[in-house]
Each structure stands twice: as C-alpha cells, then as structure tokens.
Amino acid sequence: MVEERRVSDSRVETVHMVRPNHLNAAGRLFGGILMQWLDEVAGLVAKRHTHSNVITASVDNLRFIKGAYQKDVVVIIGKVTYVGNTSMEVRVDTYVESVDGMRRPINRAYFTMVALDENDKPRKAPRLILETEEERAEWEAAKKRREMRIKRKEEGF
Ligand SMILES: CCCCCCCCCCCCCCCC(=O)SCCNC(=O)CCNC(=O)[C@H](O)C(C)(C)COP(=O)(O)OP(=O)(O)OC[C@H]1O[C@@H](n2cnc3c(N)ncnc32)[C@H](O)[C@@H]1OP(=O)(O)O
C-alpha cells in the first residue's frame with residue numbers, strides 16, 4: 001500500500017518568549033537562534049510526515065521581514081508543501097503575537113528535508129494528500145522552487 005499523509009497530519013506550531021539570552025548586541029532576537037527554532041520545527045514536521053529520521057538538506061527563501069524584541073511572543077508554524085521522492089519541502093512561517101492575538105509576520109523560510117532509513121540513507125517519503133486550493137497552489141509554487149534548487153545544485157551554487 002502507498003503511504004500517504006495529509007498536510008494537517010504533520011503541521012507543527014511552537015511558541016517562544018524572547019528572553020535576554022536570545023538577543024544580539026542590537027537588542028533584537030538573534031537570527032541564529034531563530035534559525036535553530038525554525039530548523040527544529042521543520043525537522044519535527046518532516047518526522048511527523050515520514051515517521052522516520054530526517055535531515056536538513058537546504059534552506060532557502062529565508063526572509064527576515066521584521067525584527068523581534070525582548071518579551072515578544074514568537075509563534076512558528078511549519079507545514080509540508082511538497083513531497084518529491086525522498087525529500088520534502090517544509091514552509092515555516094514566524095509571527096510575533098500581540099496581547100489581542102493579532103499575528104504579525106516576521107519571517108518565512110523553505111526547508112528541504114530528506115527522509116532517512118535505518119542506515120541514514122535517503123528513503124522514499126510518503127505522498128502528500130492535497131485537500132484545499134491553498135495546498136494545491138503551494139504545491140505548484142514548490143515545484144518551481146524545487147526546479148530552481150536542482151539547477152543551482154547542478155551549477156554548483
Ligand atoms: C518543536 C520543539 C523542538 C523539540 C525538538 C524536536 C526534534 C524534532 C526533530 C528534529 C530533527 C532534526 C532536524 C534537523 C536535522 C539537521 O540539523 S541535520 C544537520 C545538517 N544537515 C546535514 O548534515 C545534511 C548533510 N547532507 C547529506 O547528508 C546529503 O547531502 C543528503 C541531504 C542526505 C542528500 O544526499 P544525496 O547523496 O545528495 O542524496 P540524493 O539521493 O541525491 O538526494 C536525496 C534528495 O535530497 C535532495 N537534495 C539533495 N541535495 C539538495 C540540496 N542541496 N537542496 C535541496 N534538495 C537537495 C535531492 O533532490 C533528493 O530529493 P528527491 O528527488 O529524492 O525528492
């Protein structure tokens with residue numbers, strides 16, 4: 001039987017409070033800390049989708065839209081947008097949530113995660129069931145990003 005899962009089956013949402021040890025010298029959330037949080041979310045999404053170990057192959061379109069500051073509540077949401085053979089694309093969106101519940105986007109990133117077998121070799125990832133128009137649109141956009149990645153890899157970037 002072909003293994004397949006929905007986008008909603010692996011969706012991950014995490015929350016962090018920005019503390020003094022997360023700040024850079026300019027008093028903003030340090031980009032490296034945020035990237036660690038994003039990688040953990042992307043890893044967990046991919047693990048939930050594949051039910052296997054996973055590895056980060058690449059990160060692209062990592063866009064810092066706005067900064068975050070001490071005491072900000074940072075919400076990170078990750079979901080699978082595309083599945084290839086052994087790899088999958090995970091989109092990770094980051095927001096700062098205010099006391100009234102409004103979420104302001106501060107970052108978006110696309111991770112390519114690879115499913116691994118027990119020998120740490122790439123293994124086939126379960127297919128993705130697309131249920132909404134938004135998921136189908138994401139899939140089409142992700143296909144274009146994948147083509148660009150393959151071209152970049154071939155050209156040695
Ligand atoms: C929430 C609370 C937190 C709590 C906590 C939770 C924990 C939640 C779990 C965390 C889980 C850990 C998640 C982080 C895990 C790391 O941080 S991993 C550390 C950093 N990453 C690495 O060390 C990876 C090193 N690279 C490699 O091992 C190899 O290059 C790879 C990625 C396995 C690929 O090997 P390869 O020989 O190129 O294999 P190949 O068959 O050619 O490619 C396999 C697939 O990768 C794709 N690919 C290969 N290279 C690239 C590239 N540069 N760009 C894009 N795609 C690529 C190929 O297109 C192919 O895709 P498919 O066509 O099969 O779909």
Side-chain angles (χ1 to χ4, degrees), residues 1-23 29-64 68 70-97 101 103-130 135-157:
M1 202 181 83
V2 182
E3 240 191 314
E4 50 183 17
R5 288 195 184 89
R6 295 177 178 79
V7 175
S8 55
D9 292 334
S10 58
R11 186 182 183 278
V12 169
E13 179 166 337
T14 60
V15 181
H16 299 266
M17 160 96 68
V18 180
R19 300 181 194 282
N21 57 317
H22 299 141
L23 301 180
L29 171 61
F30 181 47
I33 297 275
L34 179 60
M35 283 162 67
Q36 179 183 335
W37 293 345
L38 303 184
D39 196 31
E40 285 168 359
V41 167
L44 191 52
V45 169
K47 256 180 183 293
R48 282 184 177 172
H49 182 73
T50 60
H51 292 190
S52 73
N53 282 332
V54 295
I55 205 162
T56 309
S58 74
V59 188
D60 58 17
N61 293 61
L62 179 70
R63 201 154 66 89
F64 289 94
Q70 192 170 336
K71 295 186 189 162
D72 276 348
V73 173
V74 172
V75 178
I76 303 173
I77 298 172
K79 55 188 179 180
V80 181
T81 48
Y82 181 87
V83 174
N85 183 30
T86 65
S87 71
M88 68 224 90
E89 184 189 80
V90 178
R91 171 175 150 181
V92 185
D93 287 299
T94 308
Y95 305 87
V96 167
E97 184 172 306
R103 289 179 175 182
R104 179 168 53 88
I106 63 160
N107 191 284
R108 174 171 295 171
Y110 291 95
F111 285 71
T112 302
M113 310 299 296
V114 176
L116 298 178
D117 67 16
E118 50 289 349
N119 300 311
D120 275 353
K121 298 279 176 246
R123 68 173 280 257
K124 192 155 180 55
R127 283 168 33 177
L128 190 64
I129 302 169
L130 302 172
E135 288 169 6
R136 279 185 272 277
E138 268 290 7
W139 175 278
E140 289 305 318
K143 260 199 322 205
K144 291 187 190 138
R145 286 189 291 272
R146 175 182 161 96
E147 281 161 21
M148 283 192 275
R149 271 179 220 121
I150 290 171
K151 195 160 193 301
R152 277 206 307 265
K153 196 180 173 197
E154 279 168 5
E155 291 176 2
F157 289 110

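Start at 1 with the first residue, then count along the sequence. Order of appearance sets the numbers: ligands from 1, and atoms from 1 within every ligand.
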Open item on the list: Between Glu154 and Lys151 (salt bridge meaning N to carboxylate O under 4.0 Å), is one present in this structure?
Closed with: no
Open item on the list: What I want to know is whether Lys47 and ligand 1 share at least one N or O pair that is separated by under 3.5 angstrom.
Closed with: no
Task: Atoms in ligand 1 flagged as close to Gly84, the criterion being non-hydrogen separation under 4.0 Å - done: 65 (O)
Open item on the list: Taking distance alone, with N or O pairs closer than 3.5 Å, would you say Lys153 contacts ligand 1?
Closed with: yes
Task: Lys/Arg N to Asp/Glu carboxylate O, Arg145 vs Asp60, below 4.0 Å - done: no
Task: Region of Ser58 that comes within reach of ligand 1 [heavy atoms, distance under 4.0 Å] - done: side chain
Task: Atoms in ligand 1 with a heavy atom of Thr112 nearer than 4.0 Å - done: 55 (C), 56 (N)
Task: Side chain, backbone, both or neither: the part of Met88 lying under 4.0 Å from ligand 1 by heavy atom - done: neither
Open item on the list: Between ligand 1 and Arg152, can you find any atom pair, the residue atom being a heavy atom, that is separated by under 4.0 Å?
Closed with: no
Open item on the list: Checking the N or O distance criterion of under 3.5 Å, is ligand 1 in contact with Thr86?
Closed with: yes
TODO: Return yes if some donor-acceptor pair links the side-chain N/O of Asn61 with the main-chain N/O of Tyr110 below 3.5 Å, else return no.
DONE: no
Open item on the list: Quick test of your reading: applying salt bridge (Lys or Arg N to Asp or Glu O under 4.0 Å), list the pairs with at least one residue in residues 5-15, sequence neighbours left out, ordered by first then second residue.
Closed with: Glu3-Arg5, Arg6-Glu131, Arg11-Glu13, Glu13-Arg103
Task: Nearest-0.5 Å distance that lies between atom CZ in Phe30 and atom CE in Met35 - done: 9.0 Å
Task: Numbering as shown, the atoms of ligand 1 that approach Arg149 to under 4.0 Å (heavy-atom distance) - done: 55 (C)
Open item on the list: Check this for me - ligand 1, Thr14, N or O atoms closer than 3.5 angstrom, yes or no?
Closed with: no
TODO: Please verify whether a non-hydrogen atom of Val41 lies at under 4.0 Å from ligand 1.
DONE: no
Open item on the list: What I want to know is whether Asn85 and ligand 1 share at least one N or O pair that is separated by under 3.5 angstrom.
Closed with: yes
